Amino acid sequence: MKYQQKEPLFSISVTAKITGISPRVLRSYEEAELLSPYRTEGNTRLYSQGDVQRIRVIYYLHKEREVNLPGIKIILGLLSPHFHEDASSDEPVVKNKAADDLIHKIREVAPDLLSGTFKE
DNA sequence: GTTCTGACA
DNA sequence: TGTCAGAA
């Protein structure tokens with residue numbers, strides 16, 4: 001045999017079919033930087049099974065929770081821990097950089113919001 | 001025939 | 001978000 005992809009890839013029409021989401025919306029998700037499907041040499045999108053699962057999460061947030069696309073991007077970012085090596089430790093440290101950055105920004109614009117002194 | 005981008009309502 | 005145009 002020649003070779004085979006371990007991972008099935010789907011065209012946008014097939015992906016639309018199995019997710020129930022129109023190609024137009026799938027493209028809008030990519031435009032909002034919520035997805036990065038593979039591209040063929042001819043620039044045609046190819047979605048992986050992982051992409052399909054991510055699309056289902058995006059759609060849930062989008063339609064059921066009514067989160068707009070920029071908001072979904074932030075949420076997905078918070079769900080992706082940032083891995084880095086801590087030189088002073090033997091064990092790899094798992095740190096959620098996106099969450100830390102957001103907290104730092106909140107403290108910047110509202111210093112007391114996340115402290116115990118904040119009331120109301 | 002399918003998909004892509006850009007555009008309009 | 002649906003739909004259309006023009007190109008690949």
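Quick caveat: nothing in here was measured; it's all calculated off a predicted structure. To find a chain, count down the sequence lines: A is the first, B the second, and so on, and within it residues start at 1.
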Fill in the blank from the handout: Here the residues of residues 13-37 of chain A within 4.0 Å heavy-atom distance, strictly under, of DNA chain C are A:S22, A:R24, A:V25

Completion exercise
Here the residues of residues 62-76 of chain A within 4.0 Å heavy-atom distance, strictly under, of DNA chain C are A:H62, A:K63

Problem - Non-hydrogen side-chain atoms of A:I12 and A:Y47 separated by less than 4.5 Å - result: yes

Problem - Side chains of A:D100 and A:N96 in contact at under 4.5 Å (non-hydrogen atoms) - result: no

Problem - Contacts of A:L78 that satisfy side chain to side chain contact (heavy atoms under 4.5 Å, CB included) - sequence neighbours left out - result: A:I74, A:A98, A:A99, A:L102

Exercise for the section: Applying side chain to side chain contact (heavy atoms under 4.5 Å, CB included), name anything that partners A:T40, two or more places apart in sequence or on another chain. Expected result: A:T44, A:L46

At what distance, to the nearest 0.5 angstrom, does [atom1] of [X] lie from [atom2] of [Y]?
| X | Y | atom1 | atom2 | answer |
| --- | --- | --- | --- | --- |
| A:I55 | A:Q53 | CD1 | CD | 10.5 Å |
| A:I21 | A:I58 | CD1 | CD1 | 8.0 Å |
| A:L61 | A:I75 | CG | CD1 | 4.5 Å |

Completion exercise
Contacts satisfying side-chain hydrogen bond (donor to acceptor under 3.5 Å, both in side chains) that involve residues 66-80 of chain A (not counting sequence neighbours) are A:E33-A:K73

Fill in the blank from the handout: Contacts satisfying ring-ring contact (aromatic ring centres under 6.0 Å, His included) that involve residues 17-41 of chain A (not counting sequence neighbours) are A:Y29-A:H62

Practice task
Please list all pairs passing the salt bridge (Lys or Arg N to Asp or Glu O under 4.0 Å) test where one or both residues lie in residues 40-65 of chain A, with sequence neighbours left out.
Solution key: A:E30-A:R45

Exercise for the section: Using the test side chain to side chain donor-acceptor pair (under 3.5 Å), find all partners of A:E108 that sit at least two apart in sequence or belong to another chain. Expected result: A:K105

Completion exercise
On a heavy-atom basis, the closest approach of A:V25 and A:S28 is O-OG, 2.6 Å

Handout entry: Smallest separation among heavy atoms of A:P37 and A:L35, with atom names
Key = CD-C, 3.6 Å

Practice task
Under 4.0 Å from any heavy atom of chain A: name the first and the last nucleotide of DNA chain C that qualifies, 5' to 3'.
Solution key: C:dT1 to C:dT3

Handout entry: Residues from residues 39-53 of chain A lying under 4.0 Å of DNA chain B - heavy atoms
Key = A:R39, A:N43, A:T44, A:R45

Exercise for the section: Please answer: with hydrophobic residues joined when any side-chain heavy atoms are less than 4.5 Å apart, are A:L79 and A:L69 in the same cluster? Expected result: yes

Fill in the blank from the handout: Min and max contacting nt of DNA chain B in 5' to 3' order, chain A heavy atoms within under 4.0 angstrom, are B:dT3 to B:dA7

Practice task
Taking salt bridge (charged side-chain N to carboxylate O under 4.0 Å, His left out) as the test, write out the residues that go with A:K17, two or more places apart.
Solution key: none

